[in-house]
Q: 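Right, I'll just put the structure down here and ask away after.
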Protein chains: 2
Amino acid sequence: MKREELVNQIFSKKSFLCVGLDIDLKKIPARMLEEEEPIFAFNKMIIDATAPYCVAYKPNLAFYECYGIKGMMAFEHTITYIKKVYPTHFIIADAKRGDIGNTSTMYAKTFFEEYDLDALTVAPYMGEDSVKPFLEYKNKWVVLLALTSNKGSHDFQLTEDRHGEWLFEKVLRKSREWGHEENMMYVVGATQGRMFEDIRKVAPRHFLLVPGVGAQGGSLRDVCRYGMIEDCGLLVNSSRGILYPCEKDSCGIERYADLVAEKAKELQQEMAKELETL
Amino acid sequence: MKREELVNQIFSKKSFLCVGLDIDLKKIPARMLEEEEPIFAFNKMIIDATAPYCVAYKPNLAFYECYGIKGMMAFEHTITYIKKVYPTHFIIADAKRGDIGNTSTMYAKTFFEEYDLDALTVAPYMGEDSVKPFLEYKNKWVVLLALTSNKGSHDFQLTEDRHGEWLFEKVLRKSREWGHEENMMYVVGATQGRMFEDIRKVAPRHFLLVPGVGAQGGSLRDVCRYGMIEDCGLLVNSSRGILYPCEKDSCGIERYADLVAEKAKELQQEMAKELETL
């Protein structure tokens, strides 16, 4: 998907919400477990409930791989369903891949050819030749880890070099030589607050994929105040806050789907207000 | 597998060879493609030919995932075959995973429970909570990226901080607080030559997984001179150099298997000489 198309979706839906599809079988309603493909059945319910309020879906591969072949089939069926029923939604595979060139080439084939997704999260530690193979696809996106939402982000990402440059800044600066604003986004955790100002100094025009609103404690308000740009430039992800809106068996499936839709709509409405300020 | 068992294997076989199972369908003999499961059939041939000369196998997930469900079935069948027929071989999933805590927990379940492998390569960029979930399994190993074999390793891994510490050194130093010599190894590329001396200053006792001998140009001699320790402390990987010993259809399958065995034996014999110096 082109940047222009993504931006059009954001402004027509008044939403920059990305719904993370990180399905934990222990947390889904018991009745879903009776379905032949519980993960896919749950995802389908979530997707149908949230599609009007979001512009992107982000399945996290870990939550599919852990169930082996069955999990990967649920992943494939989920992708196929989104592409068929909601073809204007942007799909990000959250897989945090990155390896030597010939291996990254294989990962790129997997996610951009075999699954034909829009974007893939990539880890930068191995440098240029581990990232470039993903950038060879037209209208596909690398979402490079920059400053993540977790506590461990402080361990290495905030290491200052001799010139006072943080590692995450170096990742932003160097990677701008490899890709551009039409094929590269960055992961910046919502928990990083005012650090978005520093990010915007180095990457003023790139889209940022922002996890960490909700369960991880990040503030949508702060993310927008310090990170939003003219054409929005943000995709804000919520996973647990939307997927598990109540105790799993405290209500019937229809009510559960309604609660999911409400949670997504709440976020969308906050986002609509932020977009109005532009 | 415990360190002691791995070391016993190394000294009884006089080998610290790890065979990388990075299967590229374009490179395997045409006759293999007629098999119902070409990747597994090829792997089985490679495993049977190399088992006497190596102590470990390292399937690279990228090369299975890129064929979707079929690829993952080939991965599972390969693992099952090694575990059944060659149960003393150490198996490393080369997947370079690493994510926020709850996601890394899912990856750990995948590789250490679902597949019950010995070790997994992990990327350090996201810090402590992205690595620790993998360390909660007894006799399982994290193989953390430190100084990789590719050109891009210079982009970030060799960044010096204000105290003159390289990023890869910081990864070694910090991660020693999370794991120890019985559950953590490091990836250090064979192409890094004398840098092994620096690695050994920070990680004098850890096992190192060393890719980059062969196709990538690293020297086994240098790796041993600067990286070998009392109980060996090295697993040296070769993939392409062993898997594709000749033009793919220049000979019959039996001859191909013989050539694979010869390549593995050559490396094993060089390794035997190195072990004798201890």
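Chain naming here is simple, since letters A, B, ... match the order of the sequence lines and numbering starts at 1 in each.
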Q: Counting heavy-atom pairs under 4.5 Å with chain B, which one of L145(A), I69(A), I100(A) comes out on top?
A: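 Among L145(A), I69(A), I100(A), the one with the most close pairs to chain B is I69(A).
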
Q: Please classify the contact between V131(B) and chain A as side chain, backbone, both or neither, with a heavy-atom cut-off of under 4.5 Å.
A: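 When you check distances to chain A, no heavy atom of V131(B) falls under 4.5 Å.
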
Q: Can you name the nearest heavy-atom pair linking F42(B) to L243(B), along with the distance?
A: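 Here F42(B) and L243(B) meet closest at CZ-O, 3.4 Å.
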
Q: Closest heavy-atom contact between A123(A) and L144(A)?
A: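 So the minimum-distance heavy-atom pair works out to C-CD1, 4.3 Å.
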
Q: If you take all heavy atoms of V143(B) and A119(B), which pair is closest and at what distance?
A: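 Closest approach of V143(B) to A119(B): CG2-CB, 3.9 Å.
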
Q: Under 4.5 Å between any side-chain heavy atoms of L158(B) and M195(B), yes or no?
A: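 They are in contact (side-chain heavy atoms under 4.5 Å apart), so the answer is yes.
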
Q: Could you pull out all residues at least two apart from A93(B) that satisfy side-chain contact (heavy atoms from CB on, under 4.5 Å)?
A: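 With neighbours one apart ignored, the set is L61(B), F111(B), L117(B), L120(B).
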
Q: Grab the two heavy atoms, one from I92(A) and one from C18(A), that are nearest each other, plus how far apart they are.
A: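 Looking at all heavy atoms of both residues, the closest pair is CD1-SG, 4.2 Å.
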
Q: Start with the C-alpha gap between F168(A) and V202(A), add the side-chain angles, then the distance that decides, and say whether side-chain contact (heavy atoms from CB on, under 4.5 Å) holds.
A: CA-CA 10 Å; F168(A) 78 87; V202(A) 198; over 6 Å; no

Q: Quick check for you: among G98(A), G68(A), G189(A), P124(A), which has the greatest number of heavy-atom pairs under 4.5 Å with chain B?
A: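 When all of G98(A), G68(A), G189(A), P124(A) are compared, P124(A) has the most.
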
Q: What are the atom names and distances for all donor-acceptor pairs below 3.5 Å between chain B and chain A?
A:
{"from": "N60(B)", "atom 1": "ND2", "to": "T103(A)", "atom 2": "OG1", "distance (Å)": "3.3"}
{"from": "A62(B)", "atom 1": "N", "to": "Y107(A)", "atom 2": "OH", "distance (Å)": "3.4"}
{"from": "E65(B)", "atom 1": "OE1", "to": "R97(A)", "atom 2": "NH2", "distance (Å)": "3.1"}
{"from": "E65(B)", "atom 1": "OE2", "to": "R97(A)", "atom 2": "NH2", "distance (Å)": "3.0"}
{"from": "C66(B)", "atom 1": "N", "to": "T110(A)", "atom 2": "OG1", "distance (Å)": "3.2"}
{"from": "K96(B)", "atom 1": "NZ", "to": "D99(A)", "atom 2": "OD1", "distance (Å)": "3.1"}
{"from": "K96(B)", "atom 1": "NZ", "to": "D99(A)", "atom 2": "OD2", "distance (Å)": "2.7"}
{"from": "R97(B)", "atom 1": "NH2", "to": "E65(A)", "atom 2": "OE1", "distance (Å)": "3.1"}
{"from": "R97(B)", "atom 1": "NH2", "to": "E65(A)", "atom 2": "OE2", "distance (Å)": "3.0"}
{"from": "D99(B)", "atom 1": "OD1", "to": "K96(A)", "atom 2": "NZ", "distance (Å)": "3.1"}
{"from": "D99(B)", "atom 1": "OD2", "to": "K96(A)", "atom 2": "NZ", "distance (Å)": "2.8"}
{"from": "T103(B)", "atom 1": "OG1", "to": "N60(A)", "atom 2": "ND2", "distance (Å)": "3.3"}
{"from": "Y107(B)", "atom 1": "OH", "to": "A62(A)", "atom 2": "N", "distance (Å)": "3.4"}
{"from": "T110(B)", "atom 1": "OG1", "to": "C66(A)", "atom 2": "N", "distance (Å)": "3.2"}
{"from": "Y125(B)", "atom 1": "O", "to": "Q157(A)", "atom 2": "NE2", "distance (Å)": "3.0"}
{"from": "Y125(B)", "atom 1": "OH", "to": "A146(A)", "atom 2": "O", "distance (Å)": "2.6"}
{"from": "M126(B)", "atom 1": "O", "to": "N150(A)", "atom 2": "ND2", "distance (Å)": "2.8"}
{"from": "E128(B)", "atom 1": "N", "to": "D155(A)", "atom 2": "OD2", "distance (Å)": "2.7"}
{"from": "D129(B)", "atom 1": "OD1", "to": "N150(A)", "atom 2": "ND2", "distance (Å)": "3.0"}
{"from": "D129(B)", "atom 1": "OD1", "to": "G152(A)", "atom 2": "N", "distance (Å)": "2.7"}
{"from": "D129(B)", "atom 1": "OD2", "to": "N150(A)", "atom 2": "ND2", "distance (Å)": "3.2"}
{"from": "A146(B)", "atom 1": "O", "to": "Y125(A)", "atom 2": "OH", "distance (Å)": "2.6"}
{"from": "N150(B)", "atom 1": "ND2", "to": "M126(A)", "atom 2": "O", "distance (Å)": "2.8"}
{"from": "N150(B)", "atom 1": "ND2", "to": "D129(A)", "atom 2": "OD1", "distance (Å)": "3.0"}
{"from": "N150(B)", "atom 1": "ND2", "to": "D129(A)", "atom 2": "OD2", "distance (Å)": "3.2"}
{"from": "G152(B)", "atom 1": "N", "to": "D129(A)", "atom 2": "OD1", "distance (Å)": "2.7"}
{"from": "D155(B)", "atom 1": "O", "to": "K170(A)", "atom 2": "NZ", "distance (Å)": "3.4"}
{"from": "D155(B)", "atom 1": "OD2", "to": "E128(A)", "atom 2": "N", "distance (Å)": "2.7"}
{"from": "Q157(B)", "atom 1": "NE2", "to": "Y125(A)", "atom 2": "O", "distance (Å)": "2.9"}
{"from": "T159(B)", "atom 1": "OG1", "to": "K170(A)", "atom 2": "NZ", "distance (Å)": "2.9"}
{"from": "E160(B)", "atom 1": "O", "to": "R162(A)", "atom 2": "N", "distance (Å)": "3.4"}
{"from": "R162(B)", "atom 1": "N", "to": "E160(A)", "atom 2": "O", "distance (Å)": "3.4"}
{"from": "K170(B)", "atom 1": "NZ", "to": "D155(A)", "atom 2": "O", "distance (Å)": "3.4"}
{"from": "K170(B)", "atom 1": "NZ", "to": "T159(A)", "atom 2": "OG1", "distance (Å)": "2.9"}

